[in-house]
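Given the structure is predicted, the values throughout are model-derived calculations rather than measurements. First the proteins, then the strands, lettered A, B, ... as listed; each starts at 1.
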There are 2 protein chains.
Amino acid sequence: MSRANAGTKGVPRADRELQIVRAACEVFGTVGFAKASVAGIAADAGISKPLVYQYFGSKEGLFSACLTHGAELLASDMERVAADDSVGLERGLRTLDGIFRILEPQPWLWRLFFDRTAPESGDVAAARAFYTDRITRLAMEGVGELMALVGDDDPLDVSAMTAVWMNVVDTLVTWWLDHPEVTPSQMTERCYRLIVALSGAEPPAQIVADPAAR
Amino acid sequence: MSRANAGTKGVPRADRELQIVRAACEVFGTVGFAKASVAGIAADAGISKPLVYQYFGSKEGLFSACLTHGAELLASDMERVAADDSVGLERGLRTLDGIFRILEPQPWLWRLFFDRTAPESGDVAAARAFYTDRITRLAMEGVGELMALVGDDDPLDVSAMTAVWMNVVDTLVTWWLDHPEVTPSQMTERCYRLIVALSGAEPPAQIVADPAAR
DNA sequence: GAGGTAACTTACCCAAAGGTCATATCCCTG
DNA sequence: CAGGGATATGACCTTTGGGTAAGTTACCTC
């Protein structure tokens, strides 16, 4: 009588895990690791706290799963863009475009990656290091091309510029979160204008109208 | 006998408050509001927890005092630069230069401002809104000038660009934190090169050598 | 259909941290 | 030099939330 609602509901583990991860991504991405409560996530997912621990071991394990889930989505898209033959600012624009489209239905995914309240050791750090490497490599490649175009190949300059680039993406996504009525396409066009304003010279324009980029 | 170390040590309130705020700025700025512990801050400051509460009322009140302390320092310097007659990218460079010099001995101050784990209502929010307004106004003014130079006066574009600009500053400061051997002057020069790389056209060069900017 | 296993829950434990209380010591003033 | 107020503290209270123990139900296989 005491454990009235106990007992299996016949949902396979893989389904439940995905359901939990999705709820957790939204919570972690919105309020951050430190302020997120496992009980709250469980409630959002419509299940109880011990099930979360049974499947993910700890709050940290759950966050790690979320990080992997989100980062995989983003990293694979960035690699797709990198495989194109665009260079310099145009490649930057195409990358932004892909990111905006992925984040449209789940903008909070982005925050998982830059959460300073997340643990800095253990599985979480390992997962983050793995994806940071993967993404930073792409960014450095793109930024390096851009810097080489103007004859600057100081590695520290490239390093700093890569950091700037990655946080510019972060900032534009954040700005977008505060202006939810703006569509991904409009964001891409806006980024194009901002780059024009900075550089004076206009990069190729086909990105905005290119149907293949949709 | 139980409260052995109790009793005044003759330190005036104002001195203690400054001492506590300084310790708190470092902790809040380093680990963030959520993960910071008041007892830990008290220990760092060399005093006990109840004294913190006696002087600041709550953890939130303490953070609010830190925010005001740090923001005042930065905002007043930005206003100094704004009062100069530089425009566009040169004004941006001068602002960066001032920020780097202020943050050199206490880089964590910067993070107080962008702490997403801080409370979003009450005194903290009020203090942040006050300084956000003050700083954003300056940034928008500078960014607006830059955008006007190239004929873009869409207010949303200016808004997004302002966000980008403010986070670029954040990023460069963060990058600097990871490269402590770099001096403020070197950082300013590096920023100059990055801007050149982005814009193609070179902004006025005197900022780097200008003794008045030191 | 008996039993093993995977899916699920309620009720609880306990450590950490925000916040308070009662008390102790010192300085300043009349 | 008496006492009021400012400065200071150890011990405590209370809430929050990560984590667990033990029990319940359903499905699957033989």
Verify the contact: side-chain N or O of [X] to OP1 or OP2 of [N], cut-off strictly under 4.0 Å; return yes or no.
X: B:N5; N: D:dA8; answer: no
X: A:K9; N: C:dT9; answer: yes
X: B:Y55; N: D:dA6; answer: no

Using whole Å, report how far [atom1] of [X] lies from [atom2] of [N].
X: A:D15; N: C:dA6; atom1: CG; atom2: P; result: 17 Å
X: A:R13; N: C:dT5; atom1: CZ; atom2: P; result: 16 Å
X: A:F63; N: D:dG18; atom1: CZ; atom2: P; result: 14 Å
X: B:Y53; N: D:dT9; atom1: OH; atom2: P; result: 15 Å
X: A:L62; N: D:dG19; atom1: CG; atom2: C1'; result: 14 Å
X: B:I47; N: D:dA6; atom1: CD1; atom2: P; result: 18 Å
X: A:L51; N: C:dT10; atom1: CG; atom2: C1'; result: 14 Å
X: B:Q54; N: C:dG18; atom1: CD; atom2: C1'; result: 17 Å

**Prompt:** How is B:S48 classified with respect to the nucleic acid when contacts are heavy atoms under 4.0 Å: base, sugar-phosphate, or nothing?
**Reply:**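 Base, at least one base atom sits under 4.0 Å.
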**Request:** Would you indicate what A:A36 reaches in the nucleic acid, counting non-hydrogen atoms under 4.0 angstrom: base, sugar-phosphate, or nothing?
**Result:** sugar-phosphate
**Request:** Please determine, for the side chain of B:K59, which listed nucleotide (C:dG18, C:dC8, D:dA8) has the closest atom?
**Result:**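 The nucleotide sitting nearest to the side chain is C:dG18.
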**Prompt:** B:F28 and ring-ring contact (aromatic ring centres under 6.0 Å, His included): which partner among B:F113, B:F63, B:W110?
**Reply:**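 Of the listed options, the one satisfying the test is B:F63.
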**Item:** B:R13 atom CZ, over 12 foreign heavy atoms within 6.0 Å
**Value:**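 More than 12 heavy atoms, drawn from other residues, nucleotides or ligands, come within 6.0 Å of this atom.
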**Request:** Would you mind checking if A:D115 and A:R111 are paired as a salt bridge, meaning a charged N to carboxylate O distance below 4.0 Å?
**Result:**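 So A:R111 does not pair with A:D115 through a salt bridge.
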**Asked** Looking at B:D154 and A:R193, does any basic side-chain N land under 4.0 Å from a carboxylate oxygen?
**Response**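 Salt bridge present between B:D154 and A:R193.
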**Request:** For B:K49 and for B:P12, find the nucleotide of DNA chain D with the closest heavy atom, then tell me which residue's nucleotide is more 5'.
**Result:**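 Closest to the 5' end, via its nearest nucleotide, is B:P12.
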**Upstream residue (5' side of DNA chain D) when B:T8 and B:P50 are each assigned their closest nucleotide** =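 Nearest nucleotide further toward 5': that of B:T8.
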**Prompt:** Can A:S64 and A:D123 be counted as having a side-chain donor-acceptor contact under 3.5 angstrom?
**Reply:**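 No pair is found: no donor N or O on one side chain lies under 3.5 Å from an acceptor on the other.
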